[in-house]
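Everything on this sheet refers to the single structure shown next.
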Amino acid sequence: MTPAIQGTGLVKAFGSVLAVDQIDLTVRQGECFGMLGPNGAGKTTITRMVQAVLPRTAGELAVLGLDPDRSGADLRARIGVVPQGDNLDPDLSCYDNLWTYARFFGQGRKQARESAERLLDFARLTDRREARPRELSGGMRRRLMIARAMVNEPELLLLDEPTTALDPQARHTVWGWLQKLKDEGLTMVLTTHDMDEAQRLCDRLCVIDHGKRLLEGEPEALVDEHVGVATLEFQLSKPDELTSVLFGSYRLEETGDSTLAHFRDAAAARQTLNQALDAGIAANLRRASLEDLFLKLTGRALRQ
Amino acid sequence: MISIRRSLRVCERHLLMWRSMAGASLVGNVLEPLIYLVVLGYGVGAMTRPEMLPDGLSYRVFYGSGLLASVAMFTASFESMFGAFTRMMSQRTYECMIATPISLGEVLVGDALFAGIKGAIAALCVPLVMLMIGDPVSPLVLLGVAPAFLVAFLFASSAILVTAYTPDYAWFNYYITLVLTPLFLFGGIFFPVDRFGEFAALASVSPLGMGVQVLRPLVLGHLPAWQPVLGLVCISLLGGGLCLWLARRKMQVRLIG
């Protein structure tokens with residue numbers, strides 16, 4: 001099966017700045033592929049090249065078998081996009097938002113009416129059809145945006161931080177939907193820096209920083225390989241308190257308010273925990289997470 | 001390549017939006033020329049004698065028949081400055097549209113078509129007002145929908161170009177003061193351009209001046225000369241097209257990079 005997205009040596013330069021620097025990208029059909037990275041890492045630039053909005057500077061790129069720079073309109077007709085933030089049409093009602101969007105995809109008036117009805121139902125907003133987007137809650141607006149992206153029954157869905165700024169209930173609703181769409185076989189590319197979201201939804205992911213790809217693989221395997229299987233979190237009163245309790249091989253990390261010890265061996269982690277508790281040191285054992293991996297790769301320094 | 005079919009979908013979205021505020025918009029289209037025609041007709045009309053104006057027209061009829069062109073210009077310009085800037089920046093409407101098969105160029109053509117329609121509607125409200133206050137209007141004015149659209153399309157395109165470059169709303173004042181207002185005053189709307197003597201030719205080849213020379217005769221019941229018709233068609237399609245092409249280049253960078 002040809003991949004949904006196949007990119008080789010992708011480059012995007014803005015003047016002398018390389019926003020994307022020699023990135024290879026493979027997204028298989030039917031998978032949810034995550035793109036992780038700090039703000040300004042180049043994730044959105046890659047998404048825009050994939051969605052045939054931004055021409056690339058160099059490299060090869062095939063999306064659904066088409067070259068985005070040559071077959072832009074044909075390709076966009078087969079892709080769904082859920083952008084960052086909110087770009088619903090504030091001048092139009094929910095229904096008209098969906099209807100005009102369907103028309104943008106070349107649907108006839110009758111077909112656009114059917115699409116709008118179907119998607120209002122999908123977004124569970126049938127009773128708010130005449131409401132303007134500003135009258136909706138953040139969660140409802142998100143639902144409307146995801147529904148809107150489904151108007152052309154896309155073969156590929158690009159999501160840019162789909163749950164940012166949502167309350168936990170709305171986040172879980174959106175995750176449920178995306179999981180369902182994934183189960184139905186829709187290929188998704190999820191840009192996020194919500195590690196919880198990435199861990200939950202992504203079959204594979206890559207970490208990008210400064211326009212370069214740092215890693216690619218399955219989330220759990222990446223965490224196991226690059227961070228460890230277990231992490232102990234300590235709140236220390238004296239810096240050398242730990243030397244007597246640490247057991248086995250580990251990697252220590254200072255985060256500012258706590259000290260982390262990452263273990264490749266779960267038994268060693270448990271033994272260290274017991275020794276720490278005996279010594280009266282507060283410690284918390286948890287699974288190593290994608291967030292640990294992310295911070296290890298991209299550093300803890302604040303970005304612009 | 002620009003698909004007019006896709007541009008019309010953009011235009012359709014604007015018309016749908018406009019429908020919800022058409023009432024307020026149309027009231028403005030009628031009230032504003034009504035006030036101008038009544039007040040200037042009353043004040044300036046009392047100080048002019050019919051023999052001062054071509055064909056012995058009353059001042060109010062002379063002024064009203066020229067006003068169509070400037071109404072088309074201003075309506076389209078404001079739509080394509082404030083409306084388009086809002087859509088480009090805060091509302092992210094353009095960003096939303098270019099995620100669909102519609103391209104940025106098609107979005108801008110759609111915007112200019114919509115502003116052209118809006119300007120033409122506003123312009124044709126002027127003869128309606130003239131009829132309401134008892135001034136003669138020829139049925140030929142219905143042909144004026146085409147030149148009024150061309151005037152509006154041209155100024156919409158030029159305003160979209162200004163919008164593509166403007167950092168914020170305040171900068172529109174330069175364009176309004178330095179371009180639109182002089183065109184308005186020198187376009188032969190308030191008085192015949194031959195008052196300018198040797199510079200009259202310059203005033204009569206201005207884009208708005210040509211619009212006035214095409215629209216005024218239609219209101220008065222005769223066909224315009226061919227020169228301003230040809231001039232208007234050429235400048236509107238070529239100049240408008242050039243403005244939109246330049247605007248697309250700039251907006252592509254601003255919106256996407």
Side-chain angles (χ1 to χ4, degrees), chain A residues 12-15 17 19-20 42 44-45 47-49 51-57 71-93 95-97 99-109 112 130 132-134 145 148-149 151-152 154 158 160, chain B residues 1-25 79 82-111 113-115 118 248-257:
Chain A
K12 181 65 201 184
F14 296 111
V17 180
V20 173
T44 303
T45 305
T47 311
R48 285 179 165 168
M49 290 194 284
Q51 76 176 90
V53 169
L54 182 66
R56 61 187 181 272
T57 307
S71 321
D74 291 340
L75 179 55
R76 289 194 299 272
R78 294 165 59 193
I79 297 181
V81 178
V82 181
Q84 212 177 100
D86 175 356
N87 73 359
L88 291 166
D89 198 324
D91 296 324
L92 302 178
S93 68
Y95 176 87
D96 285 341
N97 257 282
W99 187 83
T100 49
Y101 206 71
R103 296 283 287 161
F104 293 161
F105 278 89
Q107 296 186 7
R109 288 165 177 277
E130 292 308 322
R132 298 284 180 96
R134 64 170 173 276
M145 287 193 42
R148 188 183 67 176
V151 78
N152 54 333
L158 306 175
D160 197 347
Chain B
M1 209 45 223
I2 299 288
S3 149
I4 293 296
R5 208 172 102 90
R6 287 199 286 260
S7 289
L8 287 174
R9 297 295 169 95
V10 175
C11 196
E12 180 183 66
R13 176 260 167 214
H14 295 336
L15 288 168
L16 194 62
M17 167 196 74
W18 187 69
R19 203 178 60 183
S20 64
M21 44 186 127
S25 183
E79 170 62 33
F82 299 95
F85 191 71
T86 306
R87 289 195 284 274
M88 174 174 75
M89 305 303 283
S90 56
Q91 292 192 0
R92 298 170 64 191
T93 315
Y94 289 174
E95 181 204 77
C96 158
M97 288 173 174
I98 58 174
T100 74
I102 298 171
S103 70
L104 185 56
E106 289 157 352
V107 170
L108 298 185
V109 171
D111 268 26
L113 289 176
F114 168 68
K118 205 176 159 183
R248 191 203 67 84
R249 278 166 49 120
K250 178 67 183 173
M251 275 195 198
Q252 169 88 19
V253 173
R254 275 185 89 171
L255 282 173
I256 309 159

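Since the structure is predicted, the reported quantities are computational estimates derived from the model, not experimental observations.
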Counting heavy-atom pairs under 4.5 Å with chain A, the top scorer among B:Q252, B:M17, B:M21 is B:M17

So, the part of A:V81 with a heavy atom under 4.5 Å from chain B: the answer is side chain

For A:R103, does its backbone N or O pair with a side-chain atom of B:R9 as donor and acceptor, under 3.5 Å?
-> yes

Counting only heavy atoms from other residues, nucleotides and ligands, does the tally under 6.0 Å from CZ of B:R254 exceed 12? yes

Mind checking whether B:S20 and A:D91 have side chains closer than 4.5 Å, heavy atoms only? no

Okay, B:R6 and chain A: the region with an atom under 4.5 Å from a heavy atom over there is side chain

When the 4.5 angstrom heavy-atom criterion is applied to B:E106 and chain A, the contacting part is neither

Value for OG1 (A:T45) from CZ (A:R56), rounded to nearest 0.5 Å, stands at 14.5 Å

*asked:* Could you walk me through whether B:E12 and A:T100 satisfy the side chain to side chain contact (heavy atoms under 4.5 Å, CB included) test, starting with their C-alpha distance in whole Å, then the side-chain angles of each, then the deciding distance to 0.1 Å, before giving a yes or no?
replied: CA-CA 8 Å; B:E12 180 183 66; A:T100 49; 5.7 Å; no

Turns out that what part of A:F105 lies under 4.5 Å from chain B's heavy atoms comes down to both

Under 4.5 Å to a heavy atom of chain B? For A:R78 that would be neither

Ordered numerically, the heavy-atom neighbours of chain A under 4.5 Å found in residues 82-91 of chain B are B:Q91

Cut-off 4.5 Å, heavy atoms of chain B, and the answer for A:L92 is side chain

Under 4.5 Å to a heavy atom of chain B? For A:D74 that would be neither

One should read off an interatomic distance between A:L54 CG and B:L255 CG, to the nearest 0.5 angstrom, of 11.5 Å

Any non-hydrogen side-chain atom of A:F104 less than 4.5 Å from a side-chain atom of B:V107?
no

Bottom line for A:L88: the part with an atom under 4.5 Å from chain B's heavy atoms is backbone

Handout entry: B:Y94 and B:D111 side chains, donor-acceptor separation under 3.5 Å
Key = yes

Residues at least two apart in sequence or cross-chain that pass side chain to side chain contact (heavy atoms under 4.5 Å, CB included) with A:A13, listed by chain then number, are A:L18, A:T57

Margin query: Could you go through B:V10 and B:H14, starting from their C-alpha distance and side-chain angles, then the distance that decides it, and tell me whether this counts as side chain to side chain contact (heavy atoms under 4.5 Å, CB included)?
Written below: CA-CA 7 Å; B:V10 175; B:H14 295 336; 3.7 Å; yes

Residue from B:T93, B:I98, B:L16, B:L104 scoring the most non-hydrogen pairs under 4.5 Å with chain A is B:L16

One option among A:A77, A:P83, A:G106 has the most heavy-atom pairs under 4.5 Å with chain B, and it is A:G106

Taken to the nearest 0.5 Å, the spacing of A:L75 CG from A:Q51 CD works out to 9.5 Å

From the list A:N152, A:T44, A:D86, the residue making the most non-hydrogen contacts under 4.5 Å with chain B is A:D86

Fill in: Backbone of B:A99 reached by a side-chain donor or acceptor of A:R76 within 3.5 Å
no

